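Contents: one structure, followed by commentary.
Atoms within a ligand are numbered from 1 in the order they appear, just like the ligands themselves. Every value quoted in this text rests on a predicted model; they were computed, and no experiment measured them.
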Amino acid sequence: MSSKSLQARYEAAFMPNYGVPPTVLVSGEGCVVRDADGESYLDLIGGIAVTSLGHGHRGLTAAIAEQAGSIAHTSNLFVNEPEIELAEELLSLLGGDARVFLSNSGTEANECALKMAIKFGKQHGRTYFVAAENGFHGRSMGALSLTGKAAIREPFGPFAADVRFVPFGDAEALRAAVGPECAAVFLEPTQGEGGVVPAPEGYFKAVREICTDAGALLVLDEIQSAIGRSGAWFAHQLEDIRPDILTLAKGLGGGLPIGACVGFGSAATIFAKGDHGSTFGGNPVSAAAALCVLKTIASDGLLGHARTLGEQWAAELAAVGHPLLLGVRGRGLWIGLVLDGAHAGAVQEAAKAAGFLVNAVQPDVVRLAPPLIITAEQARSFTAALPGILDSASPQE
Ligand SMILES: *Cc1c(COP(=O)(O)O)cnc(C)c1O
């Protein structure tokens with residue numbers, strides 16, 4: 001079936017919340033995907049920073065198939081070995097005294113973190129939460145209440161949690177907002193949906209200090225930034241700080257749905273038996289996939305690759321002189337192209353016509369978050385095409 005007819009069926013069968021996406025994908029290999037009309041594209045968005053090992057990865061495919069053929073689901077009534085191995089592996093990468101809860105998505109990892117923060121708050125007379133303007137933490141009601149974009153939050157309020165928003169990257173504004181009744185601060189190390197916005201140098205050191213001094217929990221949402229995306233296992237390791245609670249998802253499963261919430265120190269045991277749960281959380285197929293992702297990132301040196309190629313690519317992209325391109329920012333293989341005006345949709349479209357899938361994450365920002373296995377040659381092919389793409393996307397006089 002052609003893309004057009006599949007899109008018509010999509011439109012008739014699905015709720016209109018996504019609109020109709022412009023591309024129908026049918027297969028992929030490495031960093032290249034093919035659409036329903038047989039066109040190939042270099043995938044520079046990787047299913048929103050998810051497809052960390054690329055498409056059709058042999059080892060990942062085998063790990064998933066083997067686990068699915070052995071036992072595909074146990075529920076939380078039973079223990080399975082892959083979930084234990086995954087939790088142990090995460091703890092060894094994180095170091096220190098910590099415990100894991102496994103969920104199925106990012107928003108659920110944040111629901112877990114918020115419930116922990118609410119319980120902590122009740123134990124200590126702390127009643128409100130602080131998060132960042134333009135931050136994104138998910139679409140379920142708890143995570144949405146922490147999401148700093150009014151346009152997606154406010155239509156669904158009021159919310160149960162009292163959340164106060166501060167500008168991202170402003171340590172003094174955070175200090176003023178975090179008083180003795182603040183239970184927890186929720187932040188992304190780099191704002192992903194906000195347009196790949198890294199925090200200023202030194203911000204997270206100050207954030208850690210402010211939370212510790214006030215006795216509030218620091219919850220880092222690393223759902224997008226971790227598992228190699230920023231060029232380290234976890235972006236907070238680049239800041240040399242430790243959160244009290246950490247949430248993960250996206251790249252962790254390499255494409256299979258999985259999320260994790262990690263509590264450190266005394267936050268590891270906030271939940272007592274019966275406080276939280278998930279039927280699918282700890283699913284052995286997703287856990288086997290995540291284990292394979294972690295092992296492959298380590299064995300293939302993908303952290304160093306993301307760091308060095310990401311830096312080099314960002315510098316090369318920044319050197320593309322074009323009136324539409326104001327600047328380039330990001331961390332590792334996670335780049336925001338900042339445009340002179342609301343042209344991101346036009347750039348996304350022009351990039352597709354040139355054979356590249358990119359994402360208009362904000363009206364004036366294009367996001368690149370390719371598989372971590374992208375080669376320097378593939379990255380350069382986009383850099384070389386960018387002036388032409390920007391020309392096509394430029395407003396006509
Ligand atoms: C994607 C994302 C989420 C939500 O994850 P879902 O799996 O879509 O629920 C939460 N926080 C951050 C930082 C994200 O990038």
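Those atoms of ligand 1 that come under 4.0 Å of a heavy atom in Glu188, given as number and element, are 13 (C). Atoms of ligand 1 found under 4.0 Å from any heavy atom of Asp221, numbered from 1 in the order shown, are 10 (C), 11 (N), 12 (C), 13 (C).
Scanning the protein for heavy atoms near atom 5 (O) of ligand 1, the closest one is Gly106 CA, 3.3 Å.
At distances below 3.5 Å, not a single donor-acceptor pair connects side-chain atoms of Thr147 with backbone N or O atoms of Phe136. Here the side chain of Arg208 pairs a donor or acceptor atom with the backbone of Arg242 at under 3.5 angstrom. Here the side chain of Asn110 pairs a donor or acceptor atom with the backbone of His137 at under 3.5 angstrom.
The part of Asn110 lying near ligand 1 is the side chain, judged by heavy-atom distances below 4.0 Å. At a 4.0 Å heavy-atom cut-off, ligand 1 touches His137 through the backbone alone. Here Thr107 has heavy atoms under 4.0 Å from ligand 1 in both its backbone and its side chain.
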Let me have the donor-acceptor pairs involving side chains of residues 281-293, under 3.5 Å, with sequence neighbours excluded, atom names and distances please.
from   : atom 1 : to     : atom 2 : distance (Å)
Asn283 : OD1    : Val285 : N      : 2.9
Asn283 : OD1    : Ser286 : N      : 3.0
Asn283 : ND2    : Ala72  : O      : 2.9
Ser286 : OG     : Pro257 : O      : 2.8

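Between Phe101 and His276, the two ring planes are tilted [angle within 30° to 60°]. The aromatic rings of His124 and Phe120 are tilted relative to each other, their planes meeting at an angle between 30° and 60°.
Atom 1 (C) of ligand 1 has its nearest heavy-atom neighbour, among Glu111, Lys250, Glu222, Gln224, in Lys250.
The nearest protein heavy atom to atom 8 (O) of ligand 1 is not closer than 4.0 Å.
Ligand 1 has no N or O atom lying under 3.5 Å from any N or O atom of Ala249, backbone or side chain.
Evaluation of the salt bridge (Lys or Arg N to Asp or Glu O under 4.0 Å) test over residues 370-383, restricted to residues two or more places apart or in two chains, returns Glu316-Arg380.
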